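Working notes for the structure below.
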Amino acid sequence: APENIREFADEFRQFCKKHRWRCCFHPVTERCKSILKELGFGIMKTGEEPIIDLSKLSWTGGKFKDLRHDTVKVKKEGLSVVEYRPLQGRRADWEKQMREISRIWIKSKGSEESSYLINAPSLDNPGERTYLLVIKDDKVEAFLVCTPIYARKGIYIDIIRRKEKPIPGTTQLLISETLQFFKQQGYEIATMGTVPLANEYVEDPDQAHIVELALDFTFDHLGYFHHLKPLYQFKKQFGVSWWEGRYLAYYSRRFNPVILYAILKAYDPGGVSNQLKKQLTIAWREMKQVKRIRKKIMGQAHASPCLRCQ
């Protein structure tokens with residue numbers, strides 16, 4: 001309830017103040033954003049989250065031709081999606097394969113598991129998690145883990161893992177079958193999580209123009225955190241119903257870069273320093289190139305008569 005959010009946020013702010021810590025919340029939804037703003041927090045948009053209305057889930061029409069083709073093709077190759085319920089009977093061989101797939105995925109990503117934002121599979125203590133696996137010849141090709149969004153009767157696709165060289169279409173089959181599965185279970189919405197720095201669909205009237213430009217530039221040029229643009233395009237293919245803004249809330253209203261570094265560290269606990277330094281170096285070079293071109297254009301504009309005055 002909104003009153004609980006307000007009380008919790010205020011208590012946490014006071015706790016941070018007592019310990020002389022910087023206080024922030026991330027990611028923040030639209031509903032929480034307004035409450036935190038009233039409490040004196042500064043707000044910065046940090047991404048957009050795709051929401052799929054499961055009641056209207058359909059992949060008919062030309063828009064989803066490639067998705068249908070991919071899923072039909074992998075089914076013909078013997079792949080199928082099954083629900084795995086560890087509490088009802090465990091498969092040591094499947095779990096070993098799932099751990100190995102995760103290990104290779106983390107290694108290829110070049111960083112540690114961002115457990116602050118993404119839960120671990122937690123096979124020993126599944127709780128309310130749902131596990132769906134792609135199986136071929138009784139072997140795990142890919143898997144995902146979902147957690148419920150109780151307040152919205154929704155489901156969050158939390159973890160997606162696949163083999164290093166999967167059969168093309170494996171992930172598309174897994175996600176499309178998962179969405180159908182939860183539609184049949186009576187869930188209303190589904191999400192695959194926020195696309196960091198995306199700034200395409202949700203306008204924020206409170207966002208400073210310079211921050212918007214910085215978000216757009218970073219999204220287009222840095223490519224940091226899971227290759228943002230491909231991630232964005234990948235999620236779009238499953239029929240997104242609408243997008244919702246996600247925000248960083250920080251106290252006080254004056255933003256401190258230390259907060260940004262803490263968030264970057266949470267995303268990539270193992271490799272943020274060197275990787276980010278490399279990306280920022282590339283971005284800085286490109287920004288200087290843009291500045292040089294802009295100066296050249298402006299110089300030509302000042303040297304030439306204005307066409308509107310002729």
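Counting begins at 1 with the first residue of the sequence. Note that this is a predicted model, so its numbers are computed, not measured.
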Leu248/Cys24 under side chain to side chain contact (heavy atoms under 4.5 Å, CB included): CA gap, chis, key distance, verdict: CA-CA 7 Å; Leu248 166 67; Cys24 69; 4.0 Å; yes
Ile51 vs Glu49, side chain to side chain contact (heavy atoms under 4.5 Å, CB included): CA-CA, chis, key distance, verdict: CA-CA 6 Å; Ile51 306 296; Glu49 184 166 348; 4.2 Å; yes
Salt bridge (Lys or Arg N to Asp or Glu O under 4.0 Å) assessment of Asp137 paired with Lys139: CA-CA 5 Å; Asp137 300 327; Lys139 295 187 182 299; over 6 Å; no
Worked verdict on Gln237 versus Ile175 for side chain to side chain contact (heavy atoms under 4.5 Å, CB included): CA-CA 11 Å; Gln237 71 180 305; Ile175 294 175; over 6 Å; no
Audit row: Lys153, Ile189, side chain to side chain contact (heavy atoms under 4.5 Å, CB included) steps and yes/no: CA-CA 7 Å; Lys153 204 174 181 182; Ile189 65 163; over 6 Å; no
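For Arg85, the side-chain contact (heavy atoms from CB on, under 4.5 Å) partners two or more places apart in sequence, or in a different chain, are Glu83, Gln88. Legend: residues meeting side-chain contact (heavy atoms from CB on, under 4.5 Å) with Lys75, ordered by chain and number and at least two apart, are Leu173, Glu177. Applying the ring pair (Phe, Tyr, Trp, His ring centres under 6.0 Å) criterion to Tyr187, with sequence neighbours excluded, gives Phe182.
The closest side-chain heavy-atom distance from Glu141 to Ile135 is not below 4.5 Å. Residues Leu79 and Thr170 are in side-chain contact: their nearest non-hydrogen atoms beyond the backbone lie under 4.5 Å apart. The shortest distance between side-chain heavy atoms of Arg99 and Glu95 falls below 4.5 Å. Glu128 has its side chain out of reach of Thr147: every pair of non-hydrogen atoms, C-beta onward, lies at least 4.5 Å apart. For the pair Ile104 and Glu100, the minimum side-chain heavy-atom distance is below 4.5 Å. A 4.5 Å side-chain heavy-atom check between Met98 and Leu133 finds at least one atom pair inside the cut-off. Contact check for Cys23 versus Phe12: side-chain heavy atoms found under the 4.5 Å cut-off. Residues Val74 and Lys76 are not in side-chain contact: their nearest non-hydrogen atoms beyond the backbone lie 4.5 Å or more apart.
If you chain together hydrophobic residues whose side chains sit under 4.5 Å apart, Ile167 and Leu67 fall into the same group. Val81 and Val72 are members of different hydrophobic clusters when ILVMFWY side chains are connected at heavy-atom separations under 4.5 Å. Hydrophobic clustering places Tyr247 together with Phe8 (ILVMFWY residues linked when any side-chain heavy atoms are closer than 4.5 Å, directly or through intermediates). Hydrophobic clustering of Ile, Leu, Val, Met, Phe, Trp and Tyr side chains at less than 4.5 Å, counting indirect connections, unites Leu57 with Phe181.
In plain terms, the two heavy atoms of Val240 and Ile52 that are nearest each other are CA-CG1, 4.2 Å. Residue Tyr131 comes nearest to Arg129 through the heavy atom pair OH-CD, 3.7 Å, listed as atom of the first residue, atom of the second, then distance.
Among residues at least two apart or in separate chains, side-chain hydrogen bond (donor to acceptor under 3.5 Å, both in side chains) pairs with a member in residues 59-74 are Ser58-Thr60. Among residues at least two apart or in separate chains, ring pair (Phe, Tyr, Trp, His ring centres under 6.0 Å) pairs with a member in residues 73-104 are Tyr84-Trp94. Listed by first and then second residue, the ring pair (Phe, Tyr, Trp, His ring centres under 6.0 Å) pairs that reach into residues 28-52 are Phe25-Phe41, Phe41-Tyr251, sequence neighbours excluded.
The environment of CD in Gln185 is crowded: more than 12 heavy-atom neighbours from other residues, nucleotides or ligands sit within 6.0 Å. Annotation for Arg22: atom CZ does not count as buried by contact number, only 12 or fewer foreign heavy atoms lying within 6.0 Å.
With rounding to the nearest 0.5 angstrom, the CZ atom of Arg162 is 13.0 Å from the CZ atom of Phe143. Distance CG/Leu144 to CZ/Arg161: 10.5 Å, rounded to 0.5 Å. The NZ atom of Lys163 sits 6.5 Å away from the CD1 atom of Ile101 when rounded to the nearest 0.5 Å. Separation of atoms CD1 (Ile35) and CD1 (Ile5) is listed at 4.5 Å; rounding is to 0.5 Å. Note: Leu174 CG to Ile157 CD1 = 8.0 Å, rounded to the nearest 0.5 Å. Atoms OG and CD, from Ser102 and Gln97 in turn, are 12.0 Å apart once rounded to the nearest 0.5 Å.
Classified by interplanar angle (parallel below 30°, tilted 30° to 60°, perpendicular above 60°), the ring pair Phe234/Phe238 is perpendicular.
Using modelled atom types, one finds no donor on one side chain facing an acceptor on the other under 3.5 Å when comparing Arg246 with Thr46.
Of the possible polar contacts, one joining the Thr191 side chain to the Pro50 backbone as a donor-acceptor pair under 3.5 Å is found. Of the possible polar contacts, none joining the Lys183 side chain to the Asp53 backbone as a donor-acceptor pair under 3.5 Å is found. At distances below 3.5 Å, not a single donor-acceptor pair connects side-chain atoms of Lys33 with backbone N or O atoms of Val28.
Residue Glu244 forms a salt bridge (charged side-chain N to carboxylate O under 4.0 Å, His left out) with just one option from Arg152, Arg31, Lys45, and that option is Arg152.
Between Lys96 and Asp93 no salt bridge is recorded (no basic side-chain N to carboxylate O distance below 4.0 Å).
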